[in-house]
Amino acid sequence: MTTAFGDEVKDCLVIGGGPAGLTAAIYLARYHLSVTVFHDNSSRASSIPMSHNHAGFPDGISGTDLLARMNAHAQLYGAAIRRRKITTLHKVDNQFLAEFENGTIRSRTVLLATGVVNRRPAMPQATHDEAVARGLLRYCPVCDGFEVTDKPVGVIGTGAKGFKEAVFLRSYTKDLTLIAPEGVHDLSETETSSLTHLGIRVEVGPVTSTDLDNDMIRVTTPTETYSFASIYPALGSDICSHLASRLGASLSDEGCVRVDGHQRTSVSGFYAAGDVVAGLDQISHAMGQAGVAATTIRNDLGEQAALVRCSP
């Protein structure tokens, strides 16, 4: 049986429990708006072993600790947090109806903050997770390139993504190897020449195995085994914008939700923030967008009817 999640129509439903969604929830709750966050515990931030570039934490903070703090912060001011996945989103009579397993919730506005999912290299799940936890496998050179300064680093990728990742990392180390994940490289003559000029080794694949060894990670191809302090997959990511697409919101060619300068989408009452929107995939950027989105939501609701505080 499908049941309604509470009787009232929420002021805002936030879909996604990462830094963007939780920042928005804090703002919205402090605006005295009713807000519920739904998430499926899949935020990329939860996999960060230690972030050293998040302002205010000079000794670093893990993704799980940051999310725990943000969850507690949002709930302190009255935001509801629900660990359930929204499966379908409709707009009916200027309200949004969201469906999840065995239930629905209605809201006047929706903020989508579902982020993206990294494409992972082929390796066992347990090996992958251990490598990430130990800093042997990294996905964000903007976040943690500093940590691999002057260390041997491998980039698994090819084409424009592999090329750009390798060139970006060259500012951190000269010991850099670009390995094709599936066989020969798909690089232009100009890209190959640039990599050679920068001293970046270019090796063919495919990668047949990836193994952990003390403080190093070994990458094996049919012809050689390489040892690195860290490897960076440059395989792209998948944008979690399917709910926006089904709602009819405009998307970029890559699948990012298009927004205006105030995080409004092409659907009235529907907003987006964080990595699901084109931009710098960084916690600080997502939080900034979320603050803008939440304030826009508050002001847009105030345009519909004045937000007046009654006596408690």
Side-chain angles (χ1 to χ4, degrees), residues 14-30 35 37 39-77 79 81 83 111-118 120 128-151 153 164-165 168-169 171-173 229-234 237 239-240 256-257 259 263 271-295:
V14 176
I15 306 176
L22 292 172
T23 297
I26 293 166
Y27 273 66
L28 290 163
R30 286 177 54 81
V35 54
V37 179
H39 72 95
D40 60 0
N41 209 38
S42 63
S43 170
R44 286 198 300 173
S46 64
S47 67
I48 299 173
M50 190 65 64
S51 175
H52 292 280
N53 72 339
H54 188 53
F57 296 94
D59 296 323
I61 184 169
S62 71
T64 53
D65 285 349
L66 179 63
L67 292 177
R69 289 177 181 230
M70 296 183 74
N71 269 277
H73 193 167
Q75 291 177 91
L76 175 67
Y77 290 102
I81 312 291
R83 186 177 170 179
L111 172 65
L112 189 72
T114 43
V116 305
V117 176
N118 294 319
R120 299 181 174 187
H128 172 275
D129 293 349
E130 182 181 351
V132 170
R134 291 169 56 186
L136 300 174
L137 177 64
R138 301 174 182 270
Y139 282 97
C140 179
V142 174
C143 308
D144 53 30
F146 185 89
E147 275 64 56
V148 301
T149 297
D150 296 331
K151 296 179 180 179
V153 173
K164 291 178 180 179
E165 191 102 332
F168 186 91
L169 282 161
S171 65
Y172 295 101
T173 180
S230 291
I231 61 172
Y232 283 85
S237 58
I239 302 157
C240 302
C256 293
V257 182
V259 295
Q263 308 304 132
Y271 308 78
D275 295 350
V276 75
V277 174
L280 184 64
D281 287 0
Q282 290 286 286
I283 291 173
S284 57
H285 188 62
M287 293 171 72
Q289 286 186 328
V292 171
T295 304

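Quick note: numbers below take in every heavy atom, side chains included, and nothing from hydrogens, waters or symmetry partners.
- When all heavy atoms are compared, the tightest approach of Glu165 to Ala234 is CB-CB, 3.8 Å.
- Closest approach of Thr23 to Gly291, counting heavy atoms only: CG2-N, 4.3 Å.
- Qualifying side chain to side chain contact (heavy atoms under 4.5 Å, CB included) partners for Ala272, counting only residues two or more places apart in sequence or in other chains: Leu112, Val257, Val259, Thr265, Val276, Val277.
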Enumerate donor-acceptor pairs with a distance under 3.5 Å from any side-chain N or O in residues 135-147 to protein atoms, sequence neighbours excluded.
from: Arg138; atom 1: NE; to: Gly135; atom 2: O; distance (Å): 3.1
from: Arg138; atom 1: NE; to: Ser230; atom 2: OG; distance (Å): 3.1
from: Arg138; atom 1: NH2; to: Gly135; atom 2: O; distance (Å): 3.4
from: Tyr139; atom 1: OH; to: His128; atom 2: NE2; distance (Å): 2.8
from: Asp144; atom 1: OD1; to: Tyr232; atom 2: OH; distance (Å): 2.7

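- Gln263 approaches Val292 most closely through the heavy-atom pair CG-CG1, 4.0 Å.
- Partners of Cys240 according to the disulfide bond (SG atoms under 2.5 Å apart) rule, which considers only residues two or more places apart in sequence or in another chain, do not exist here.
- Rounding to the nearest 0.5 angstrom, the gap separating the NE2 atom in His285 from the CG atom in Leu280 is 6.0 Å.
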Next on the checklist: side-chain contact (heavy atoms from CB on, under 4.5 Å), that's the test. Do Asn71 and Leu22 meet it? Break it down for me.
Outcome noted: CA-CA 7 Å; Asn71 269 277; Leu22 292 172; 3.5 Å; yes

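- Residues Ala24 and Ala294 approach most closely at O-CB, 3.8 Å, considering heavy atoms.
- Between Ser46 and Thr64, the closest heavy-atom pair is O-CG2, 3.4 Å.
- Between the Thr114 side chain and the Gly16 main chain, no donor and acceptor come within less than 3.5 Å of each other.
- Among residues two or more places apart in sequence or in another chain, the side chain to side chain contact (heavy atoms under 4.5 Å, CB included) test is passed with Ile283 by Pro19, Ile48, His54, Leu66, Met287.
- With hydrogens and angles ignored, the 3.5 Å screen pairs a side-chain donor or acceptor of Gln289 with a backbone N or O of Gly274.
- No donor-acceptor distance shorter than 3.5 angstrom exists from the side chain of Asp65 to the backbone of Ile61, with no hydrogens or angles considered.
- Residues Ala29 and Val35 approach most closely at N-CG1, 4.0 Å, considering heavy atoms.
- Legend: residues meeting ring pair (Phe, Tyr, Trp, His ring centres under 6.0 Å) with His52, ordered by chain and number and at least two apart, are absent.
- With a 4.5 Å cut-off on side-chain heavy atoms, Asn53 and Gln282 count as touching.
- Pairs passing the salt bridge (Lys or Arg N to Asp or Glu O under 4.0 Å) check and including a residue from residues 39-57, sequence neighbours excluded, read Arg44-Asp275, Arg44-Asp281.
- Atom-to-atom distance recorded for Asn118:CG and Ser237:OG is 6.0 Å, nearest 0.5 angstrom.
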